[in-house]
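Here, residue 1 is the first one in the sequence, and each next residue gets the next number.
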Amino acid sequence: MNDEKKRHYMPDSLIDATRAGAQTIVVRQVLGEKEKQKAMDLRIWLPEGKPAVEQIVDVFVKNVEVNAVDVITDKVIVRGEYEVKAIYVANLPDKPVHAVELKHCKWTVDLDIPGARKGMDADANVVIEFVDYDVPMMTRAYKYKYHGCDDSCADSCCKDSCDSLCMPLKPPHKPKPPCDHMCKPPKPPMNPCPPMNPCPPMNPCQPPKPPCVDPCQVKVPFPGPSTEMSCREFDVSVVLKVVAKVIVDREVQINAGTVTQPELPNRPKG
């Protein structure tokens with residue numbers, strides 16, 4: 001059978017595959033990925049013209065952004081910023097609602113990714129995990145946050161705050177006995193001591209020390225109209241979770257195996 005008849009039994013697609021051989025393509029592969037938490041404490045002061053805080057309604061974080069992702073040896077540096085906004089009831093007779101903002105709060109996180117090198121591509125994202133606030137003691141804002149009450153229940157709040165101060169006490173100290181028996185009788189002087197002052201003037205009797213006092217029996221002052229301070233500052237705690245990954249380009253070969261020719265059908269005789 002001549003070559004033309006032999007070619008008739010081989011598919012054209014199989015002939016093209018044998019001629020093409022191995023091909024190389026470039027794929028993007030994740031070299032390493034890691035996450036890390038970033039905790040920050042901020043102090044917010046009320047600007048001039050803003051009334052003092054009586055009760056904080058809510059504090060939240062917004063506009064969290066990633067501004068830069070830098071790759072160095074075995075590390076990724078992620079930088080960004082966010083904004084904090086607080087809504088509060090002002091300490092005024094008509095109880096108006098005000099807001100205060102703190103913008104451009106910077107943050108930086110470094111993540112260890114072995115194998116990372118300068119010049120590699122990297123990507124990062126950030127989410128908010130926790131936000132809370134704290135106010136100074138002896139303020140009305142403190143009473144609203146931790147006791148949730150007003151002046152009508154100041155006595156019960158005081159009791160609760162006093163109960164929180166209760167600590168296991170050591171056995172009470174025994175007071176020292178009076179010092180009458182410790183005063184040695186003086187030598188008979190020329191003029192005897194008056195009956196009201198049996199101890200010599202140079203060695204007076206020391207009074208006994210007072211016994212220990214249970215702190216829960218002492219009235220603890222609680223913020224009220226006469227004792228509270230003006231709240232013009234408070235603290236905000238923010239926890240962010242940052243996830244970063246390093247991406248590299250890898251070459252992969254396809255169609256690198258050998259191609260075998262399929263068996264031809266039975267040739268005709270003659």
Side-chain angles (χ1 to χ4, degrees), residues 1-44 58-85 101-133 235-269:
M1 188 174 181
N2 53 18
D3 295 340
E4 294 181 358
K5 292 183 179 180
K6 292 181 180 179
R7 183 178 177 84
H8 177 74
Y9 293 102
M10 182 180 292
D12 295 339
S13 60
L14 185 60
I15 297 176
D16 294 339
T18 56
R19 292 178 181 177
Q23 295 182 1
T24 302
I25 62 175
V26 178
V27 297
R28 298 180 65 82
Q29 184 178 0
V30 177
L31 176 66
E33 183 176 359
K34 193 172 183 180
E35 67 178 35
K36 190 175 182 180
Q37 288 184 333
K38 177 67 174 180
M40 293 158 287
D41 293 326
L42 308 173
R43 175 156 293 184
I44 298 180
D58 191 14
V59 175
F60 56 92
V61 175
K62 62 178 183 177
N63 297 334
V64 185
E65 299 178 353
V66 175
N67 295 336
V69 181
D70 300 320
V71 181
I72 60 177
T73 303
D74 296 331
K75 278 190 177 183
V76 175
I77 310 297
V78 184
R79 293 173 291 172
E81 63 181 16
Y82 60 91
E83 299 179 7
V84 179
K85 186 173 183 178
E101 289 184 329
L102 185 62
K103 298 184 178 181
H104 306 294
C105 301
K106 305 292 184 179
W107 57 269
T108 303
V109 179
D110 62 307
L111 302 96
D112 297 329
I113 299 182
R117 296 293 182 269
K118 186 176 182 180
M120 293 183 176
D121 294 335
D123 189 16
N125 58 75
V126 57
V127 295
I128 305 170
E129 284 201 329
F130 177 78
V131 179
D132 197 8
Y133 69 93
D235 298 327
V236 177
S237 300
V238 181
V239 179
L240 304 178
K241 184 177 74 172
V242 183
V243 181
K245 58 183 178 181
V246 178
I247 305 172
V248 295
D249 295 336
R250 296 290 177 87
E251 294 183 355
V252 179
Q253 292 183 351
I254 60 175
N255 295 333
T258 58
V259 179
T260 59
Q261 182 177 353
E263 296 182 0
L264 299 175
N266 293 333
R267 300 176 182 177
K269 297 181 181 179

D74 side chain to G115 main-chain N or O, any donor-acceptor pair under 3.5 Å? yes
Side chains of [X] and [Y], heavy atoms from C-beta outward: is any pair under 4.5 Å?
X	Y	value
D249	R28	yes
V246	V76	yes
N125	V66	no
V84	V59	yes
V248	R117	no
I113	K245	no
R79	D70	yes

Checking L240 against Y82 for the side chain to side chain contact (heavy atoms under 4.5 Å, CB included) test, could you report, in this order, the C-alpha distance in whole Å, the side-chain angles of both residues, the deciding distance, and whether it holds? CA-CA 10 Å; L240 304 178; Y82 60 91; 4.3 Å; yes
When you look at E251 and V26, which way does the side chain to side chain contact (heavy atoms under 4.5 Å, CB included) test go after all the steps? CA-CA 5 Å; E251 294 183 355; V26 178; 4.2 Å; yes
Look up atom [atom1] in [X] and atom [atom2] in [Y], then write down how far apart they are to the nearest 0.5 Å.
X	Y	atom1	atom2	value
Q37	K241	CD	NZ	8.0 Å
I44	K85	CD1	NZ	12.0 Å
L42	Y133	CG	OH	16.0 Å
M120	I247	CE	CD1	11.5 Å
E83	F60	CD	CZ	10.0 Å

Answer yes or no: are there more than 12 heavy-atom neighbours, outside K38 itself, under 6.0 Å from its atom NZ? yes
Is it true that, when you exclude K62 itself, more than 12 heavy atoms of the residues, nucleotides or ligands shown sit nearer than 6.0 Å to its NZ? yes
Is any NZ, NE, NH1 or NH2 atom of the basic residue among D112 and K36 found under 4.0 Å from an Asp or Glu carboxylate oxygen of the other? no
State, to 0.1 Å, how close [X] and [Y] come at their nearest heavy-atom pair, and which atoms those are.
X	Y	value
R43	D235	NE-OD1, 2.7 Å
D123	V69	N-CG1, 4.5 Å
A116	V71	CB-CG1, 3.9 Å

List the steps, then state whether side chain to side chain contact (heavy atoms under 4.5 Å, CB included) holds for W107 with V238. CA-CA 11 Å; W107 57 269; V238 181; over 6 Å; no
